[in-house]
Amino acid sequence: MPELPEVEGVVRALAPIAIGRTIQNVTVSDTVIKSKQLGKEAVIKGITTEDFIVDMAGMTIGNVTRRSKYIYFHLMKDGNTCLLVSHLGMTGAWFTVDSVDDITEMKFRNHVHVVFTLEGGGLLVYSDIRRFGELRLLGCEADHPPLLKMAPEPFATGARKHFLEFAAMPKYARKPIKEVIMDGHVLSGCGNIYATEAIYKMKIHPERTTERISLKRKNELFDVIVAILQESIDAGGSSISDYRNINGEAGTMQDRLKMYGRKFCPACGSATESMKIASRTSVYCPTCQK
DNA sequence: TGAATTGACCGGGAGC
DNA sequence: TGCTCCCGGTCAATT
């Protein structure tokens, strides 16, 4: 599952290869074409497959950036700018290869859905096993309002203030803290893995409601989340399940996780327990987390 | 009007 | 071996 650190790794790997390149043509898998023909919004969102192919051809990639868990391809064509927004969903991955056959892992090679052929050679490939990811071609961010509602980047000035203000709002204050820190309107880019780790480090029970955590502790929690996200970026992300970086390589952060996916608490040895919070599995130590 | 819930999008893999 | 069902990030639609 790619979260913010994993997406950051993809962007850092993708940017130097993609910036300045022009897309010669685009091909879309039969699977996606058939789904779209059935009226489903499979991978390519908000536009027909035909229009996507026509519009993307001739685009020059001016920049590749990250916003929360989204990848933004800043594009130019005929003097106009636009934005290709990519979310990896559960199992999405980008590859830069000379041929699709160069994708070594079969489960990714078998689920290639969009191939951008670049002028001067080389392919930019989007693969997605479960097709939960999305590609959305926009004129600008404002064309897709949910993007404007995202909380500030956790590393940006103002993110702490935003987090504390939103966490104090009644609609969030009465919810479990784990649900609140995973909510992209409150805090950007903290998914289930890092939320699990952060509240474990803070010794906070996942069900504890936000209003029952002091302002001082909420400040500390924010610091812990930011530190964990940064640590994971430095470690190349966590390779849980189907995340791979641009070269199909795995990160090492999963080895540093203290609670996510653990059977026993590394601090006290208690058997961990799990429960559903906001329909996501929350693993916690019943002894340490109160 | 806003909040809460449900549905859509899926294949891998666990469990039986 | 083969079947069933759980899993989950996000948005949209519905209640």
Side-chain angles (χ1 to χ4, degrees), chain A residues 1-8 10 28-49 52 66-72 85-94 105-114 126-138 141-151 154 166-167 169-176 178-196 206 209-211 229 237-244 254 260-261 263 274-283:
Chain A
M1 271 173 291
E3 297 189 19
L4 184 150
E6 292 75 33
V7 178
E8 178 67 23
V10 171
V28 176
S29 70
D30 289 343
T31 308
V32 167
I33 290 170
K34 283 174 185 160
S35 291
K36 294 282 283 181
Q37 283 170 346
L38 293 170
K40 297 175 181 174
E41 285 282 271
V43 180
I44 297 170
K45 311 282 185 181
I47 187 174
T48 65
T49 311
F52 181 80
R66 179 188 59 71
R67 178 72 176 92
S68 188
K69 300 176 196 170
Y70 293 86
I71 300 165
Y72 284 8
V85 176
S86 163
H87 193 289
L88 301 175
M90 303 293 298
T91 53
W94 284 94
E105 273 188 282
M106 286 310 293
K107 60 181 175 179
F108 286 104
R109 199 197 301 175
N110 290 338
H111 295 279
V112 166
H113 292 300
V114 186
Y126 181 71
S127 170
D128 195 336
I129 299 165
R130 259 176 270 181
R131 281 173 270 159
F132 270 29
E134 68 177 58
L135 295 177
R136 196 181 286 273
L137 182 58
L138 305 171
E141 242 187 344
D143 290 346
H144 188 53
L147 297 173
L148 301 178
K149 294 181 180 173
M150 289 188 287
F166 271 59
M169 291 162 61
K171 63 180 281 195
Y172 296 115
R174 289 193 284 265
K175 284 183 178 173
K178 178 154 179 293
E179 181 175 346
V180 171
I181 61 177
M182 283 193 294
D183 190 315
H185 304 103
V186 181
L187 186 63
S188 272
C190 183
N192 196 27
I193 296 172
Y194 300 113
T196 296
T209 56
T210 304
E211 63 194 349
L229 292 174
S238 302
S239 295
I240 304 286
S241 155
D242 294 318
Y243 167 72
R244 295 296 180 276
Q254 67 278 6
Y260 184 89
K263 293 278 191 290
S274 71
M275 58 169 58
K276 289 279 179 187
I277 293 181
S279 76
R280 272 89 144 225
T281 304
S282 295
V283 183

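Being a predicted model, the structure only gives us computed values, none of them experimental.
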Does B/dG12 have its OP1 or OP2 closer than 4.0 Å to a side-chain nitrogen or oxygen of A/H111?
yes
Using the rule for Phe, Tyr, His and the six-membered ring of Trp, do A/F132 and B/dC10 stack at under 5.5 Å and under 30°?
no
If I take atom OH in residue A/Y194 and atom P in nucleotide C/dG9, what distance separates them, rounded to the nearest angstrom?
12 Å
Pairs under 3.5 angstrom, nitrogen or oxygen only, protein versus nucleotides 2-6 of chain B, please.
none

At their closest point, which heavy atom of A/H185 faces which heavy atom of A/K149, and how far apart are they?
CD2-O, 3.4 Å
Atom pair distance, as rounded to whole Å: NZ in A/K276 and P in C/dC7:
4 Å
Tell me, with the steps shown, if A/V85 and A/R67 meet side chain to side chain contact (heavy atoms under 4.5 Å, CB included).
CA-CA 9 Å; A/V85 176; A/R67 178 72 176 92; over 6 Å; no
Distance, rounded to the nearest Å, where A/L148 contributes CG and C/dT10 contributes C1':
16 Å
Side chains of A/M150 and A/Y70, heavy atoms from C-beta outward: is any pair under 4.5 Å?
yes
Is A/E41 salt-bridged to A/K36, cutoff N-O under 4.0 Å?
yes
Nearest-nucleotide pick for A/K69, side chain only, options being C/dT10, B/dC9, B/dG11
C/dT10
Apply side chain to side chain contact (heavy atoms under 4.5 Å, CB included) to the pair A/H111 and A/T91, showing each step before the final yes or no.
CA-CA 10 Å; A/H111 295 279; A/T91 53; over 6 Å; no
Check the distance between C/dG8's P and A/H87's NE2 and give it to me in whole angstrom.
15 Å
Closest to side chain of A/A42, choosing from B/dG12, C/dG9, B/dC10:
B/dC10
A/D183 CG to C/dT10 P, straight-line distance once rounded to whole Å
10 Å
Considering the terminal five base pairs at each end of the helix from B/dA3-C/dT15 to B/dC16-C/dG2, what angle separates the two local helix axes, rounded to 10°?
50°
Atom CG of A/L187 to atom P of C/dG9: distance rounded to whole Å?
15 Å
For the side chain of A/R130, starting at C-beta, report the closest nucleotide among C/dG8, B/dC9, C/dG9.
C/dG8
Counting only side-chain N and O atoms of A/S35, is one of them less than 4.0 Å from OP1 or OP2 of B/dC10?
yes
If the cut-off is 4.0 Å, is A/R280 near the phosphate of C/dG9, judged by side-chain N/O to OP1 or OP2?
yes
Tabulate protein N/O versus nucleotide N/O from nucleotides 11-13 of chain C, keeping only pairs under 3.5 Å, one per line.
{"unit_1": "C/dC11", "atom_1": "OP1", "unit_2": "A/Y70", "atom_2": "OH", "d": "2.9"}

Think A/T281 has a side-chain N or O under 4.0 angstrom from the OP1 or OP2 of C/dG8?
yes
Nucleotide C/dG8, atom C1' - distance to CD1 of A/I129 in whole Å:
14 Å
Can the ring centres of A/Y126 and A/H113 be said to be less than 6.0 Å apart?
no
In whole Å, I'd like the distance from the CZ atom of A/R131 to the P atom of B/dC9.
11 Å
Mind checking A/K36 for me? I need base, sugar-phosphate or nothing, with any heavy atom below 4.0 Å counting as a touch.
nothing
